Asks: 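Here's a structure for you.
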Amino acid sequence: MSQTASQPNADPTVDGVPPHRYTPALAQQIELAWQDRWEAEGTFHTPNPTGRLSAGFERVADRPKFFAMDMFPYPSGAGLHVGHPLGYLGTDVTSRFRRMDGDNVLHPMGYDAFGLPAEQYAVQTGQHPRITTEANIAAIKAQLRRLGVDHDDRRSFATIDPGYYKWTQWIFLQLFGAWFDPEAGKARRVEELVAELDAGTREPAPGTNPSGRPWAELGEVARRRVIDAHRLAYLHEAPVNWCPGLGTVLSNEEVTADGRSERGNFPVFRRPLKQWMMRITAYADRLIDDLDRLDWSESVKVMQRNWIGRSTGARIRFTVGAAGRVDARAETIEVFTTRPDTLFGATYMVLAPEHPLVPSLTAPSWPDGTDPRWTGGAATPAEAVEAYQRQASRRSELDRQDTGREKTGVWLGVTAVNPVNGRELPVFIADYVLTGYGTGAIMAVPGEDTRDFEFAQVFGLPVVRTVQPPEDFDGGAYTGTGPMINSANDEISLNGLDKVAAITRITDWLVARGSGEGTTTYKLRDWLFSRQRYWGEPFPIVYDEDDLPVAVPTSMLPVLLPEVDDYSPKTFDDDDADSEPEPPLSRATEWTTVVLDLGDGPKQYRRETNTMPNWAGSCWYYLRYLDPGDDEQMVDPELERYWLGPRGEGDVGGVDLYVGGVEHIVLHLLYARFWHKVLYDLGYVSSEEPFRRLVNQGYISAYAYTDERGFYVPAAEVVEENGQFLYEGKPVNREYGKIGKSLKNMVTPDEMIGAYGADTFRVYEMSTGPLEQSRPWETKAVVGSQRLLQRIWRVVVDEETGAVRADDDQAPSEETLRALHRAIDGVRDGMATLRFNIAIARITELTNHLTQAFGATSPVPRSVAEPLVLLVAPLAPHLAEELWSRLGHTDSVAWAPFPVADQQWLVEDTVQVAVQVNGKVRSQVSVPADADAAALEAAARADEKIAGHITGKTVRRVVAVPGRLVNFVLG
RNA sequence: GCGGGAGUGGUGUAACGGCAGCCACGCCAGACUUAGGAUCUGGUGCCUUCGGGCGUGGGGGUUCGACUCCCCCCUCCCGCACCA
């Protein structure tokens, strides 16, 4: 452990420093000794109610359980900076508090270890990623241990352990072996689907049976394809971001606005590839609805709701009219709209450029007199369409969503018919309509939609208003509310109705005519689950002679990651858009081909060579903490019920406190919730949600400084003088940002622990604000926390003699008792609400009171000294253990009962009450705490200053709140 | 643009609708010291003619009373962003 910072305190042997002062050197000594003892004695071993980790359960059997957890770290090798431990310390303080207060506390820690950084390092060095990963894990473990966290080390694991990813693969097989029954609203096993199809009680779901022939007439291979299309984990040909230069597909987040890879700046192409997908969209409703049952912040819930993006509306079908078309074959364009009420205002239609109907709808030629703005300057619609499609395909998804761009598009040369009024609507393609959302086609209502209005302006299309705008409306699209207008035909009128009523009426009309129906769509897409990478979980899937996927039997798990010579995917010429991904595993030829007996004799199979994404291992790790050594099952149902089960009717269950960064709000938490719900449906877990209470800890940033050239200078060496910041005597400019090497403002926990000890570091981090709040780091302020711990130490230990100052016989004064119980009350409040700053402030007040009352050497009543040590124990556990032991206790303070405030000492006998005149405080009077309003008023009137204010005036009203204040309202 | 959150001393923050600024950093003074980046004690919102006045981003409102509740505006942070 490096100790680069200089110690601010003198060595204890130097003259002037008392020999038994709590110095950083002594803190180090105490901390290391207690960390060894905790480990040797298994102080933080949490007993399970049953199974191999159940030893000692009888000690905690009557306690309520409490499961506290951090988002586990990815061991990057870059090392921790002072911002990283914030959340870990928050759960640590909470778990220590809950243990002392009588809970059976589970507080484990594991490591998310598959992933790209280790693989890239392996590609560069040729070293196996496991080696660097394990070294990084060891480094983080040592840092966490040095912070004094109370993790149960027996429950630790990494996602790369074969004993762990065996069960990640097993969960994949559960998803592969299940389908979503929309009637039941839940996942069921594929065997049940087959049985219902065989029995004729169920038809294949829409889109799963391309041949359209009845199930009974399908051959075996065709039937398997139908089944495979139902599965929650399924293969799907989908457009992905293929980057030949990197040899891999990229997520949307990894592609820049100009269509290149964020890493390496290689061209990225949208191309269809067969990939594993997870049918998370089937769970969209439950993922939204169950948010209401979670103890999460509203902002996180809103983000998840937005990501899922549920919107209700209607599908409406338009038949394509005759204009310009020679082959009069009828086509139907289906659109999705949230505003079917505005159907009378539709004046044109737009398809996404990639819409499958585009080729068949494109007219052979432009009709005479076609507006030149509609043709894109092309001689025929086909040429215009081709040019426009090419242009659109070169734009990345991100770029297409840039709202500032002027609307573009071309006319297909045809019109469709508005079912409500027979109006002929020209059909365009335009890239402001997205392929993946809704039906990839819209009815355009420029009167009430901003985007459609913009397009209509550019292309000279008519605008029909169907919602009455207010008097002062100044044009453009009116998206507000108002009565419907211009919306009637022979059969139906919406005029005068409000939006909700109009939607209901028009939808009923469309349904009756067979032209549409109410529906719901989602922004959420199914989860792309394949990666062309080495350092991930292999799929437990092989392909047979029909090239169809077959599950590897559970008995053959785990499918171990094979050794390879080269960890990189095959890369191609940067612009080779037609190249095929070739994952690293595909080159492990002895591995990819395998002979297995899957029940019908030994046959040759080909293994899946993609690996799972990084999210897989983090989707379910909370379940594995319950017993990571279990080789028989993913999780013992009895343990799951105990640690995660619902606490009562309607309760979702789950981890009691989950702390982590905001960056995982959407993807990780959504994916984990999805898997958990599948496991719930299939009967493996009793809880409906994985994380009952979620807290996002704030970030710690730090000041950084630039010189006159704009270069960053080492922040640690900048001094402040008279409000100016100087580096080597020259003024520098102060900025504020992420802690790290690039801003030269890195501060590590190791440095702080070296300079002050872990307890001081813990107290400082916890004292700077509520856990959720982001905050600046300020090294110079750490000393305040050290001073506090020194004063607490001094309350118990005489600095000169080392003798314990606790006095068994002395009774504390009433004033001291009040200070103590106020502190207990406040500390409990702070602990329960994760506002550790409050808890520390109350501890400081008590300490300051004791320092004043008893000086540096007088005996301190044991009945006050001991509770003080207990109060600070969750925050500064090493210091507390040492003092607790010096006070004569042989057991760890970690299991000592947390003090309970006595109400008697929380109420005062007499209270100071403010006296206001016209709402302004003019005086204070001292009255008995139980004085009623009349007594309060009398005391206030008797006060000289008040008498001076009210004599000769008319007192119109007197407000007297017992225990609070008196307010004279003058007339 | 839409949605969410937040604006309080020099700084981090604290205040069941009831005395704004607890606690800490910093700063000022003192004690102990050869010394102080140690420790301890006291002071520290702003203005002031020393009576007091003004203060929680700005403006309104509700109330006897508003940092707190309501409306409008400003600023900052976060998320989403042509999602039909």
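Quick caveat: nothing in here was measured; it's all calculated off a predicted structure. The sequence lines fix the lettering, A, B, ..., with proteins before strands; numbering per chain opens at 1.
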Asks: When we call it a touch if two heavy atoms are under 4.0 Å apart, what does A:G784 touch: a base, just sugar-phosphate, or nothing?
Replies: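 Touches sugar-phosphate only.
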
Asks: Choose from B:rA84, B:rU13, B:rG18 the nucleotide whose nearest atom is closest to any side-chain atom of A:L965.
Replies: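 Among B:rA84, B:rU13, B:rG18, the one nearest the side chain of A:L965 is B:rG18.
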
Asks: I'd like the P distance from B:rG4 over to B:rC72, given in whole Å.
Replies: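 My reading of the P atoms in B:rC72 and B:rG4 gives 13 Å.
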
Asks: A:V763 and A:I840: which non-hydrogen atoms are nearest, and at how many Å?
Replies: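 Looking at all heavy atoms of both residues, the shortest contact is O-CD1, 3.5 Å.
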
Asks: What is the nucleic acid contact for A:Q852, judged by heavy atoms within less than 4.0 Å: base, sugar-phosphate only, or nothing?
Replies: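 Sugar-phosphate contact only.
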
Asks: Would you check, one step at a time, whether the test side chain to side chain donor-acceptor pair (under 3.5 Å) holds for A:E334 with A:T439?
Replies: CA-CA 7 Å; A:E334 188 170 72; A:T439 62; 5.8 Å; no

Asks: Can you see if the side chain of A:Q773 gets near the phosphate of B:rG7 - specifically, an N or O under 4.0 Å from OP1 or OP2?
Replies: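 False: A:Q773 side-chain N/O out of range (4.0 Å or more) of B:rG7 OP1/OP2.
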
Asks: Do A:R964 and B:rC19 have a side chain to base donor-acceptor pair shorter than 3.5 Å?
Replies: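 Donor-acceptor pair under 3.5 Å: no.
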
Asks: Heavy atoms under 4.0 Å, any strand shown: does A:V969 hit a base, just sugar-phosphate, or nothing?
Replies: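 Touches sugar-phosphate only.
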
Asks: Give me the atom names and distance for the closest heavy-atom approach of A:V467 to A:E448.
Replies: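 Shortest heavy-atom contact: N-OE2, 3.0 Å.
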
Asks: Within the structure, does a side-chain N or O atom of A:R787 lie under 4.0 Å from either OP1 or OP2 of B:rG26?
Replies: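 So the side chain of A:R787 is within the cut-off, an N or O lying under 4.0 Å from OP1 or OP2 of B:rG26.
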
Asks: Say we look at B:rU56 and B:rC19: how far apart would their P atoms be, to the nearest angstrom?
Replies: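 To the nearest whole Å, 15 Å.
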
Asks: Could you state the atom-to-atom distance from NE2 of A:H20 to P of B:rU39 in whole Å?
Replies: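 Rounded to whole Å, this separation is 19 Å.
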
Asks: Choosing from B:rA14, B:rC19, B:rG79, which nucleotide comes nearest the side chain of A:M303?
Replies: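 Out of B:rA14, B:rC19, B:rG79, the nucleotide with an atom closest to A:M303's side chain is B:rG79.
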
Asks: So, is A:R957 near the phosphate of B:rG65, with a side-chain N or O under 4.0 Å from OP1 or OP2?
Replies: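 For B:rG65, neither OP1 nor OP2 has a side-chain N or O of A:R957 closer than 4.0 Å.
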
Asks: Taking the side chain of A:V961 as heavy atoms from C-beta outward, which of B:rC80, B:rA24, B:rG18 is closest to it?
Replies: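 Nucleotide nearest to A:V961's side chain: B:rG18.
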
Asks: Check whether any side-chain N or O of A:N967 sits under 4.0 Å from OP1 or OP2 of B:rU63, and answer yes or no.
Replies: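 False: A:N967 side-chain N/O out of range (4.0 Å or more) of B:rU63 OP1/OP2.
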
Asks: Quick one: closest heavy-atom pair of A:G698 and A:L86, and the distance?
Replies: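 So the minimum-distance heavy-atom pair works out to O-CD2, 3.4 Å.
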
Asks: Name the nucleic acid region contacted by A:I665, choosing base, sugar-phosphate or nothing; use a 4.0 angstrom heavy-atom cut-off, strictly under.
Replies: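 Answer is nothing: A:I665 stays at 4.0 Å or more from every strand.
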
Asks: Check the phosphate of B:rC40 against A:R794, side-chain N and O only, distance under 4.0 Å to OP1 or OP2. Yes or no?
Replies: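 The answer is yes; a side-chain N or O of A:R794 sits under 4.0 Å from OP1 or OP2.
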
Asks: Quick one: label A:R305 by what it contacts on the DNA or RNA (base, sugar-phosphate, nothing), any heavy atom closer than 4.0 Å.
Replies: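 Nothing, no nucleic acid heavy atom in range.
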
Asks: Round to the nearest Å and state the distance from A:I838 atom CD1 to B:rG12 atom C1'.
Replies: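 Interatomic distance, CD1 of A:I838 to C1' of B:rG12: 13 Å.
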
Asks: Name the orientation of the base relative to the sugar in B:rG9: syn if the glycosidic angle is within 90° of 0, else anti.
Replies: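 Base orientation: syn.
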
Asks: Starting from P on B:rC22, measure out to CG on A:D825 and report it in whole angstrom.
Replies: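 Answer to the nearest Å: 20 Å.
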
Asks: Out of B:rC80, B:rA38, B:rA84, which nucleotide sits closest to the side chain of A:S311?
Replies: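 The answer is B:rA84, which lies nearest to the side chain.
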
Asks: Reckon A:R775 has a side-chain N or O less than 4.0 Å from the OP1 or OP2 of B:rA24?
Replies: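 Indeed not, no polar side-chain atom of A:R775 lies that close.
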
Asks: Give a yes/no answer on whether the side chain of A:Q790 brings an N or O atom under 4.0 Å of OP1 or OP2 in B:rA38.
Replies: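 The answer is no; no side-chain N or O of A:Q790 sits under 4.0 Å from OP1 or OP2.
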
Asks: Nearest heavy-atom pair of A:L351 and A:A441: which atoms, and what distance?
Replies: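 Taking A:L351 first and A:A441 second, the nearest heavy atoms are CD2-CB, 3.4 Å.
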
Asks: Measure the acute angle between the ring planes of A:Y736 and A:Y703, then classify it against the limits of 30° and 60° as parallel, tilted or perpendicular.
Replies: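 If you compare the ring of A:Y736 with that of A:Y703, the planes turn out tilted.
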
Asks: Would you classify A:T851 as touching base, sugar-phosphate or nothing, given that sugar-phosphate means primed atoms plus P, OP1 and OP2, and contacts are heavy atoms under 4.0 Å?
Replies: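 Sugar-phosphate only.
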
Asks: Of all the nucleotides listed (B:rA14, B:rC25, B:rA84), which has the minimum atom distance to the side chain of A:F336?
Replies: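 Among B:rA14, B:rC25, B:rA84, the one nearest the side chain of A:F336 is B:rA84.
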
Asks: Please state how far atom OH in A:Y764 lies from atom P in B:rA24, giving the value in whole angstrom units.
Replies: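 Rounding to the nearest Å, OH of A:Y764 and P of B:rA24 are 15 Å apart.
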
Asks: Between B:rC22, B:rA14, B:rC25, which one does the side chain of A:N837 approach most closely?
Replies: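 Comparing B:rC22, B:rA14, B:rC25 against the side chain of A:N837, the answer is B:rA14.
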
Asks: Tell me: CD1 of A:I840 to P of B:rU13, nearest whole Å?
Replies: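 The distance from CD1 of A:I840 to P of B:rU13 comes to 14 Å, rounded to the nearest Å.
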
Asks: Is the phosphate of B:rG79, meaning OP1 or OP2, less than 4.0 Å from a side-chain N or O of A:S299?
Replies: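 So the side chain of A:S299 is outside the cut-off, no N or O lying under 4.0 Å from OP1 or OP2 of B:rG79.
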
Asks: Atom CG of A:L771 and atom C1' of B:rU13: how far apart are they, to the nearest Å?
Replies: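 Spelled out: CG on A:L771 to C1' on B:rU13 is 15 Å.
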
Asks: Taking the P atom in each of B:rU11 and B:rC47, what is the distance between them to the nearest angstrom?
Replies: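 The same atom, P, in both gives a distance of 15 Å.
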
Asks: Categorize A:K523 for me: base, sugar-phosphate, or nothing, with a 4.0 angstrom heavy-atom threshold over every strand shown.
Replies: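 Touches a base.
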
Asks: Angle class for the A:W777/A:F761 ring planes (parallel below 30°, perpendicular above 60°, tilted otherwise)?
Replies: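 Tilted: the ring planes of A:W777 and A:F761 meet at 30° to 60°.
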
Asks: Quick check on B:rA84: is either OP1 or OP2 less than 4.0 Å from any side-chain nitrogen or oxygen of A:R339?
Replies: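 Checking B:rA84 against A:R339, no side-chain N or O comes under 4.0 Å of OP1 or OP2.
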
Asks: Using the P atom as the reference point in each nucleotide, state the distance between B:rU62 and B:rC70 in Å, no decimals.
Replies: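 Their P atoms lie roughly 15 Å apart.
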
Asks: Where is the tightest heavy-atom contact between A:R805 and A:T857, given as atom of each residue plus distance?
Replies: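 Nearest pair, atom of A:R805 first, then A:T857: NH2-N, 3.4 Å.
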
Asks: When all nucleic acid strands are considered with a 4.0 Å heavy-atom cut-off, which category describes A:R791: base, sugar-phosphate, or nothing?
Replies: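 Contact class for A:R791: sugar-phosphate only.
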
Asks: Expressed as a whole number of Å, how far does the P atom of B:rU63 sit from that of B:rG53?
Replies: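 Looking at atom P only, B:rU63 and B:rG53 are 25 Å apart.
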
Asks: Any side-chain heavy atom of A:L425 within less than 4.5 Å of one from A:M443?
Replies: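 A side-chain contact is absent here, since even the closest heavy-atom pair is not under 4.5 Å.
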
Asks: Measuring from the side chain of A:T844 (C-beta onward, heavy atoms only), which nucleotide among B:rC23, B:rA15, B:rA84 has the closest atom?
Replies: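 Of all the options, the side chain of A:T844 is nearest to B:rC23.
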
Asks: Can you tell me whether the base of B:rG51 sits syn or anti, using the 90° cut around 0 to define syn?
Replies: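 Classified syn.
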
Asks: Determine the Euclidean distance between corresponding P atoms of B:rG45 and B:rC28; express it in Å to zero decimal places.
Replies: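 Here B:rC28 and B:rG45 have their P atoms 16 Å from each other.
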
Asks: Hey, would you say the A:Y764 and A:Y756 ring centroids sit under 6.0 Å apart?
Replies: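 No - the distance between ring centres of A:Y764 and A:Y756 does not fall below the 6.0 Å cut-off.
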
Asks: Which nucleotide, B:rC19, B:rG12, B:rC40, lies nearest any side-chain atom of A:Q924?
Replies: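 Selected nucleotide: B:rC19.
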
Asks: Take atom CZ of A:R835 and atom P of B:rC23, then tell me their distance rounded to the nearest Å.
Replies: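 Rounded to the whole Å, the gap is 16 Å.
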
Asks: If a stem is a run of at least 3 consecutive Watson-Crick or G-U pairs, both distances under 3.5 Å, which stems include RNA chain B?
Replies: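 Consecutive-pair runs (3 or more) involving RNA chain B: B:1-7 with B:74-80, B:10-12 with B:23-25, B:26-31 with B:39-44, B:45-47 with B:52-54, B:57-61 with B:69-73.
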
Asks: What contact category does A:S785 fall into here, base, sugar-phosphate, or nothing, at under 4.0 angstrom with non-hydrogen atoms?
Replies: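 Counting heavy atoms under 4.0 Å across all strands, no contact is made by A:S785.
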
Asks: B:rU8 and B:rG58: how far apart are their C1' atoms, nearest whole angstrom?
Replies: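 Here B:rU8 and B:rG58 have their C1' atoms 15 Å from each other.
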
Asks: Sticking with atom C1', work out how far B:rC32 lies from B:rG57, rounded to a whole angstrom.
Replies: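 Rounded to whole Å, the distance is 46 Å.
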
Asks: Counting heavy atoms from C-beta on, name the nucleotide in B:rG42, B:rC64, B:rC22 closest to the side chain of A:E845.
Replies: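 In terms of side-chain proximity for A:E845, the closest of B:rG42, B:rC64, B:rC22 is B:rC22.
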
Asks: Side chain of A:V302: nearest nucleotide among B:rC25, B:rC80, B:rG3?
Replies: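 That would be B:rG3.
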
Asks: Counting the atoms with a prime plus P, OP1 and OP2 as sugar-phosphate, which does A:N848 contact under 4.0 Å by heavy atoms, base, sugar-phosphate, or nothing?
Replies: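 Sugar-phosphate: the residue A:N848, judged by heavy atoms under 4.0 Å, touches backbone atoms but no base.
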
Asks: Should the ring pair A:F428 and A:Y348 be called parallel, tilted or perpendicular, given that the plane angle runs from 0 to 90° and is split at 30 and 60?
Replies: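 Perpendicular.
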
Asks: Might you point out which heavy atoms bring A:S701 and A:G737 nearest each other, and give the distance in Å?
Replies: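 Heavy atoms of A:S701 and A:G737 come nearest at CB-O, 3.2 Å.
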
Asks: What integer distance in Å separates A:Y522:OH from B:rC80:C1'?
Replies: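 My rounded result for the distance is 19 Å.
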
